[in-house]
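First comes the structure, then the notes that go with it.
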Amino acid sequence: MTTVRITRTALTRGTLAALSGLLAGFAALTVAELVSAAVRPEASPVTAVGGAAIDRTPAGVKDFAIRNFGENDKLVLQLGIVVTLALFALAVGVLALRFRRTGSAAVLAFGVVGAASAVSRPDSTGIVDGLPSLVGAVAGAVLLYVLIGRLTRPRRVPGEEEQESEGGWDRRGFLIAATAAAAASTVAGAVGRTLNGRSAQDAVASREAARLPAPASPAKPIPAGAQLRVPGLPPFTTPNSKFYRVDTALVVPKVDADSWRLRIHGKGVRRDLEFTYQDLLDRPLIEREITLCCVSNEVGGPYIGHARWIGVRLADLLKEAGVKPPSRGGKADQIIARSVDGMTLGTPVEDVMDGRDAMLAVGMNGEPLPFVHGFPVRMLVPGLYGYVSACKWIEDIELTTFDDYDAYWVKRKWARKAPIKTQSRIDTPKPFGRPEAGTVMVAGVAWAQHRGIEKVEIRVDDGPWRLAQLAEQDTVDTWRQWSYPWKATPGGHTLTVRATDGTGEVQTEKRTKTVPDGASGWHSVVVTVD
């Protein structure tokens with residue numbers, strides 16, 4: 001009976017030790033959240049460690065995450081970090097039952113990892129960013145030491161390390177301490193989240209107060225024939241709420257437009273320039289229909305969208321600064337655009353200044369930019385993949401050379417220059433669909449920004465290529481819808497599409513992955529006709 005009682009006691013103490021580790025981890029995170037309110041929200045451990053993980057993620061893993069989790073990839077990462085921290089905390093709690101000081105030291109060590117991650121981020125403001133993780137770790141380590149002390153009755157043996165007794169332990173003291181710790185941690189976390197939320201209130205207020213002026217150069221009306229009336233086709237203009245989002249920001253930056261500044265400087269700049277948000281609104285604005293596409297978009301993928309953008313022509317700002325393109329003797333061939341979250345994008349100067357509608361956008365589909373799409377200002381360049389042109393939350397433009405500087409994604413083995421490839425997609429019928437025999441409308445979109453789409457062809461199984469009907473083209477910078485009435489016969493069939501761009505180049509059949517400069521290949525869907 002005595003042996004059974006001791007075993008049960010040990011099991012109970014082991015379970016409570018694991019719980020102690022979990023409470024210590026919870027306290028560390030919530031205290032860190034509270035401290036981050038005095039530093040900045042991006043310095044909290046989960047955000048800092050998550051950001052560091054993204055920075056060190058190989059391109060292939062990034063593509064895997066986007067392919068399998070889509071725009072939920074950041075949520076999956078954050079949940080993964082929390083689960084990992086929970087498992088670590090449980091293990092540390094059990095360890096602390098036998099080695100009390102070692103367990104507390106392990107909590108401190110994890111705080112050092114969080115602090116190092118925060119300080120090493122591209123947007124780090126310095127060593128102060130490490131404070132939330134360090135202060136939180138100290139709180140967690142102290143709490144673990146106290147809780148484990150309630151579970152043990154130490155005795156000292158001359159000449160030996162402190163040993164732990166299997167005898168009685170302070171049940172009441174443990175329950176009081178654990179309950180108080182859980183309550184205090186919850187309050188700390190709630191206060192921290194509230195304070196961090198308040199820090200974004202000025203940004204939200206500045207966006208609500210923003211009024212976009214009428215553009216000096218408005219976009220032409222979208223042709224009535226640009227939108228085909230085919231069920232299953234996406235709308236020609238993508239609503240802001242449906243527009244794809246691919247970036248590395250675990251916490252969407254909320255920038256106060258009233259305090260925002262943009263600086264233009266670097267090689268070949270005769271005079272550094274600085275602009276406020278209102279400075280840009282006061283300038284002549286252009287309004288253009290432009291389709292954006294992410295380099296992570298696989299063949300037939302969803303990471304493409306179309307919007308009406310309003311902003312300042314970027315080439316005009318560069319000319320005011322004295323910048324010349326390389327073709328005219330300019331010293332710089334690369335623009336490095338920096339975001340408030342530390343992201344860097346490298347764009348060819350020649351492309352920005354060749355006459356296309358590259359801009360610093362302030363509006364999207366008739367309203368100020370949504371926060372997730374770059375408010376207050378973002379950059380975009382028609383014809384280039386987003387990772388080399390579409391810097392969101394931009395705050396700095398530096399003129400440099402490709403030889404002198406590699407931007408964020410180039411350091412991770414993506415190409416320095418990335419014009420959008422000619423692509424096409426079948427939107428209806430869906431893969432593995434079961435349409436009925438007879439006339440089936442096959443339809444989709446094709447794009448080759450800044451070159452336009454000249455022709456789209458459809459092939460059924462291994463048959464001849466047939467011309468699809470093209471919707472009216474808006475501009476060469478927009479996608480183009482197409483349709484084809486297929487006389488479907490019963491059985492399984494493979495439908496394949498290819499496009500020809502405005503230069504006469506036919507979309508390549510060669511299948512490539514997204515790395516290093518975008519996917520290529522023909523899109524196909526398999527259907528069974530009933």
Side-chain angles (χ1 to χ4, degrees), residues 66 70-73 207 212 215 218-247 249 252 286-311 357-359 361-375 377-387 389-393 420-428 430 443-450 452-453 456 470-483 497 499 518-519 523:
I66 292 176
E71 296 183 17
N72 294 318
D73 59 336
R207 184 179 183 275
L212 299 179
K220 295 179 181 179
I222 297 173
Q227 175 73 60
L228 298 179
R229 298 180 180 275
V230 178
L233 268 181
F236 182 81
T237 298
T238 309
N240 291 354
S241 61
K242 301 294 184 181
F243 209 94
Y244 76 91
R245 177 198 168 196
V246 178
D247 54 53
V252 175
I286 62 172
E287 183 183 56
R288 297 292 184 267
E289 300 285 342
I290 299 174
T291 298
L292 299 187
C293 184
C294 180
V295 73
S296 294
N297 200 41
E298 294 191 327
V299 174
Y303 299 118
I304 181 169
H306 177 83
R308 173 170 287 194
W309 307 89
I310 184 172
D357 291 315
M359 71 171 78
V362 295
M364 179 181 183
N365 288 332
E367 64 176 84
L369 293 171
F371 284 110
V372 294
H373 295 301
F375 182 84
V377 180
R378 71 173 294 165
M379 176 177 158
L380 58 88
V381 182
L384 303 181
Y385 283 117
Y387 85 101
S389 67
C391 184
K392 297 189 284 189
W393 315 294
I420 292 174
K421 297 179 179 178
T422 302
Q423 284 286 293
S424 52
R425 184 181 74 193
I426 299 173
D427 287 296
T428 183
K430 299 297 184 184
V445 291
W447 60 92
Q449 288 93 311
H450 208 56
I453 293 295
V456 171
L470 289 176
E472 192 169 348
Q473 180 167 277
D474 186 4
T475 75
V476 294
D477 291 331
T478 66
W479 58 5
R480 197 169 185 181
Q481 296 184 348
W482 58 267
S483 64
V497 63
H523 185 220

- Query: Where do R480 and L470 land on the side chain to side chain contact (heavy atoms under 4.5 Å, CB included) test, with the steps shown first?
  - Reply: CA-CA 7 Å; R480 197 169 185 181; L470 289 176; 3.7 Å; yes
- Message: On a heavy-atom basis, which atom in P223 and which in D474 lie closest, and how many Å separate them?
- Response: CD-OD1, 3.6 Å
- Message: Run H306 and I290 through side chain to side chain contact (heavy atoms under 4.5 Å, CB included) and show every step you take.
- Response: CA-CA 6 Å; H306 177 83; I290 299 174; 5.6 Å; no
- Note on the structure: Nearest heavy-atom contact between A519 and E298 is CB-CA, 4.1 Å
- Item | Test item: Q481 and Q227 side chains (from C-beta on) under 4.5 Å apart, heavy atoms | yes
- Do D477 and R288 meet the salt-bridge criterion of a basic N to acidic O distance under 4.0 Å? no
- Report yes if the side chains of E367 and R207 come closer than 4.5 Å at any heavy-atom pair, otherwise no. yes
- Query: Can you tell me how far the CD1 atom of I222 sits from the CZ atom of R308, to the nearest 0.5 Å?
  - Reply: 5.5 Å
- Taking every non-hydrogen atom, the tightest pair across P302 and Y244: O-CB, 4.4 Å
- Message: Would you compute the distance between atom CD1 of I304 and atom OG1 of T238 and round it to the nearest 0.5 angstrom?
- Response: 8.5 Å
- Okay, side chain of D427, backbone of G232: is any donor-acceptor separation there less than 3.5 Å? no
- Message: Does the plane of the ring in F243 sit parallel, tilted or perpendicular to the ring in H373? Use 30° and 60° as the thresholds.
- Response: perpendicular
- V456/V497 under side chain to side chain contact (heavy atoms under 4.5 Å, CB included): CA gap, chis, key distance, verdict: CA-CA 7 Å; V456 171; V497 63; 3.6 Å; yes
- Item | Non-hydrogen atoms of A499 and I453 that approach each other most closely | CB-CD1, 4.1 Å
- Item | I286 vs P215 side-chain heavy atoms within contact, under 4.5 Å | no
- When rounded to the nearest 0.5 angstrom, what distance separates CZ in R229 from OG in S483? 13.0 Å
- Query: Considering only heavy atoms from C-beta outward, does the side chain of L212 approach that of I310 to under 4.5 Å?
  - Reply: yes
- Where V252 and F371 come nearest, the two heavy atoms and their spacing: CG1-O, 3.6 Å
- Message: Please check this pair: side chain of H523 against backbone of I426, looking for a donor-acceptor N/O pair closer than 3.5 Å.
- Response: yes
- Item | Reported OG1-to-CH2 distance for the pair T291 and W479, which is rounded to 0.5 angstrom | 6.5 Å
- Item | K220 with E287: basic N within carboxylate O range, under 4.0 Å | no
- Distance, nearest 0.5 Å, that separates CZ of R425 from CH2 of W482: 10.5 Å
- Note on the structure: Closest non-hydrogen atoms of Y303 and S296, given as atom of the first, atom of the second and distance, are CD1-O, 4.3 Å
- Message: Less than 4.5 Å apart, side chain to side chain, heavy atoms only: is that true for C293 and Q449?
- Response: yes
- Pairwise distance CG(L228) to CZ(F236) - rounded to 0.5 angstrom: 10.5 Å
- Side-chain touch P370/M364, heavy atoms, less than 4.5 angstrom: yes
- Task: Take W393 and R378, measure what side chain to side chain contact (heavy atoms under 4.5 Å, CB included) needs, and give me the verdict at the end.
- Result: CA-CA 6 Å; W393 315 294; R378 71 173 294 165; over 6 Å; no
- Item | Student check: side-chain heavy atoms of Y385 and K421 closer than 4.5 Å | yes
- Message: Could you check whether any side-chain heavy atom of V445 comes within less than 4.5 Å of a side-chain heavy atom of P234, counting everything from C-beta outward?
- Response: yes
